[in-house]
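Here is how names work: the chains are called A, B, and so on, in the same order as the sequence lines, proteins then strands, and each is numbered from 1. Bear in mind that the values here come from a model prediction, so they are computed numbers and not experimental data.
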Amino acid sequence: MSYTLTTPLYYVNDRAHLGSAYTTLACDAVARYRRLIGESVRFITGCDEHGQKIQRTAEAAGVTPQAHCDAVSEGYRQLWARWQITNDRFIRTTDPRHRSIVEQFFARVEAQGDVVEGRQQGWYCVACEEFKDDPADAEAPSCSVHQKPLEWRDECNLFFRLSRYQGEIEALIRRPGFITPASRRREVENFVAQGLRDFSISRVELPWGIPVPGHDGHTFYVWFDALLGYLTALLEADDPADLNLVTQRGWPAQLHVIGKDILRFHAVYWPAMLLSAGLPLPDKVFGHGFLTREGQKMGKSLGNVLDPEMLLERCGSDAVRWYLLRDIPFGDDGDFQQQRFLDLVNNDLANTIGNLLNRTSSMARRWFEGGVPPAGGAVEPTHPLALIAAACRDRYRPAMEQLDFRTAAEATLELAIAANGYLNEQAPWSRMKQDGNREQVAADLYAVLEATRWVALLLAPIVPDLSGRMLVQLAQDPSWPWWDALVWGRLEPESPLPEPSPVMARLELEEPL
RNA sequence: GGCUCGGUAGCUCAGCUGGUUAGAGCGUGGGAUUCAUAACCCCAAGGUCGGGAGUUCAAGUCUCCCCCGAGCCA
């Protein structure tokens, strides 16, 4: 089974912010999960590098647009590497092959008769890179999003005949599961129901873009450039830039993960473009929510942005991944609260999970020749912990399939809590003080170690580092097929255990983030 | 202005097609325990389910109006 998923291609106007990290982290969890269950994954991310805003930013900084893009996109690449994002591709829309793919795509669309010329005039926001609806006689209007003055434009642009695809798009977005979460579907439906209007796909006077073949002075507008990056990205390293290849390289994508702000472009414009170009449509578009911080919008003006670089540096990848994925329902807006972040990381990861491994491993080593105790009856799938483990796994799997990381994380945590509770009930430390209990203690510790092994495995897509550290302390072979490993009793009795040391330190902040 | 999505314990949220005393986690308070990362385990406090009206034997759960927040479209 092949599974292609994408993050948006991030706009290199500025360096990465927490929002892009959030999206990317979520995709990484999906990608890791799909690989673990044995699918062949193509996880695509990258950068969108054209546009007037970039050009002006570069000019302002006194560098060429290309130099600016090189620098910023390299920043993204390195950031993802440091977060240990497992993207298989990193596509840049300034990639020479991308230009060729765009040209071929455009040729197909044009051949369909879906490109027409049209005049577009109105007030234009360079920051949004789009026309606004302010009346023509407005005096010095400004952009409501950017608070910047609008520029009057009067240009002849190329339009994509989106209106032709009204019926097909209506059918598509009605398809259950195409737009997720379902709560966002209505919004798109209403938009489509108003009647789809052709949209412009080129700009004039915009040198920093891909030239439209056969239309001097035009370059492609963002959606006819950046979205196609998903296609270009699929090409293998030594593939020619041939659009015909993409269907053999993993297109259509199974999943586009995006912020809710660009849902329309992915759920309406993009599918129509694909239909026109004779390419199959993606299975699912997931529009996730936005992050605020302590109840406030993050922004430069407020000076309250959370820098993913700094978060990684000071808190570590596991902590941030866990907090974001475990506490914020993916799809809803979420609020980053420092105190809660600390509470959850320390409670869940350090106390509940880390300490569980630590306490169990030290008892086992102390009383059973430094290793896993003989299992006795604890290998039975009817063991109380085995039943709970199976139930958690059964809740976990569909949750991950639906990108419901929160439920998956909770299911995992539940197993750890059950194991801690079981230990307290059985109290092996008391039993060991009397003779004749050795077998019982062995079985109990085995069961808890086994449950802990499961916890480590289930954690793998969400907090891969921590999962790895746990598996090391359980002396597990990480190359064991994951889903097969989730069978009760696979922990080898009487195998040695390394000396335990905390797998997850409590997070203490000297000063606020 | 039209529309969408929310408004449930201090906080973050569960509550399917209406039906016993409204749930979980965190935080808070208390207890128990010592294997462990001052960790783990148990218990408690306790919210007129945004407000109002209505439908129903019965509404957090349906209808209407209003208020607040986020967003989409104009």
Nearest-angstrom distance, C1' atom, B:A58 to B:A22 = 16 Å

Would you indicate whether A:Arg395, at its atom CZ, is surrounded by more than 12 heavy atoms from other residues, nucleotides or ligands within a distance under 6.0 Å?
-> yes

Starting from the C-alpha separation in whole Å, work towards a yes-or-no answer on side chain to side chain donor-acceptor pair (under 3.5 Å) for A:Thr24 and A:Tyr10.
-> CA-CA 10 Å; A:Thr24 307; A:Tyr10 302 114; 2.6 Å; yes

Note: A:Asp198-A:Arg164 ion pair, threshold 4.0 Å (strictly below) = no

Integer-rounded Å distance: B:A39 P and A:Asp343 CG = 11 Å

Scan A:Gly354 against the nucleic acid and name what it touches under 4.0 Å (heavy atoms): base, sugar-phosphate only, or nothing.
-> base

When all nucleic acid strands are considered with a 4.0 Å heavy-atom cut-off, which category describes A:Arg366: base, sugar-phosphate, or nothing?
-> sugar-phosphate

note: A:Met363, atom CE; B:C40, atom P; distance rounded to Å ~ 14 Å

When A:Ile417 and A:Pro502 are each assigned the nearest nucleotide of RNA chain B, the 5'-most assignment goes to A:Pro502

Rounded distance in Å - CD (A:Glu499) to P (B:U37) = 11 Å

Selected nucleotide, minimal atom distance to A:Arg326 side chain, candidates B:A36, B:A74, B:G25 = B:G25

Looking at B:C40, does its base get a donor-acceptor pair with the side chain of A:Asn424 below 3.5 Å?
-> yes

With a 4.0 Å cut-off on heavy atoms, is A:Gln194 in touch with a base, just the backbone sugar-phosphate, or nothing at all?
-> sugar-phosphate

Pick the C1' atom in B:U63 and in B:G18, then give their distance to the nearest Å.
-> 13 Å

Rounded to the nearest angstrom, tell me the gap between atom CG in A:Asp348 and atom P in B:C40.
-> 10 Å

For A:Leu413 and A:Met504, take the nucleotide of RNA chain B holding the closest heavy atom to each; which residue's nucleotide lies nearer the 5' end?
-> A:Leu413

Rounded to whole angstrom, note down the P distance from B:C5 over to B:C11.
-> 25 Å

In terms of side-chain geometry, is the basic nitrogen of A:Arg153 or A:Glu151 positioned less than 4.0 Å from the acidic oxygen of its partner?
-> yes

So, are A:Asp465 and A:Arg321 salt-bridged, with charged N and O less than 4.0 Å apart?
-> no

B:C13 versus B:G27 - spacing of their C1' atoms, nearest Å | 14 Å

Check whether the side chains of A:His383 and A:Tyr422 place a donor and an acceptor atom closer than 3.5 Å, and report yes or no.
-> yes

Atom pair distance, as rounded to whole Å: CD in A:Glu508 and C1' in B:A38 = 11 Å

Interatomic distance at C1', B:A24 relative to B:C49, whole Å = 16 Å

Counting side-chain heavy atoms from CB outward, which of B:A39, B:C41, B:A36 is closest to A:Asn420?
-> B:C41

For A:His288 and B:G71, give me the distance from atom NE2 to atom P, rounded to whole Å.
-> 14 Å

Could you go over nucleotides 6-12 of chain B and give all protein N or O partners under 3.5 Å, atom names and distances?
| unit_1 | atom_1 | unit_2 | atom_2 | d |
| --- | --- | --- | --- | --- |
| B:C11 | O2' | A:Gln337 | OE1 | 3.4 |

Do A:Glu294 and A:Arg340 meet the salt-bridge criterion of a basic N to acidic O distance under 4.0 Å?
-> no

Does a nitrogen or oxygen in the side chain of A:Lys297 sit under 4.0 Å from OP1 or OP2 of B:G71?
-> yes

With rounding to whole Å, what would you report as the distance between B:G60 and B:G6 at their C1' atoms?
-> 14 Å

Donor-acceptor pair between A:Tyr165 and A:Asp114 side chains, under 3.5 angstrom | yes

Sugar-phosphate, base or nothing in reach of A:Arg506, heavy atoms under 4.0 Å = base

Rounded to whole angstrom units, what separation is found between the CE atom of A:Met432 and the P atom of B:A36?
-> 14 Å

Which of the following nucleotides, B:A36, B:C40, B:A74, is nearest to the side chain of A:Thr352?
-> B:C40

Which part of the nucleic acid does A:Arg197 contact within heavy-atom distance under 4.0 Å: base, sugar-phosphate only, or nothing?
-> sugar-phosphate

Please determine if a side-chain N or O atom of A:Asn351 lies less than 4.0 Å away from the OP1 or OP2 oxygen of B:C40.
-> yes

Under 4.0 Å between a Lys/Arg side-chain N and an Asp/Glu carboxylate O for A:Glu414 and A:Arg393?
-> no

Has the side chain of A:Asn355 got a donor or acceptor that lies under 3.5 Å from a partner of the other kind on the base of B:A36?
-> yes

If you look at every strand shown and take non-hydrogen atoms under 4.0 Å, does A:Val503 touch a base, only sugar-phosphate, or nothing?
-> base

Over how many whole Å does the gap from A:Arg438 atom CZ to B:C35 atom P extend?
-> 17 Å

Using atom C1' of each nucleotide, how far apart are B:U56 and B:G46 to the nearest Å?
-> 30 Å

So what does the secondary structure string of RNA chain B come out as, 5' to 3', with Watson-Crick or wobble pairs under 3.5 angstrom, [ ] for crossing and | for pairs with another strand?
-> (((((((..((((.....[...)))).((((.........)))).....(((((..]....)))))))))))).

Check: A:His266/A:Tyr230 side-chain N/O donor and acceptor closer than 3.5 Å | yes

Side chains of A:Asp444 and A:Gln440: is there a donor and an acceptor less than 3.5 Å apart?
-> yes

Do A:Arg184 and A:Glu187 meet the salt-bridge criterion of a basic N to acidic O distance under 4.0 Å?
-> no

Using atom C1' of each nucleotide, how far apart are B:A9 and B:C26 to the nearest Å?
-> 12 Å

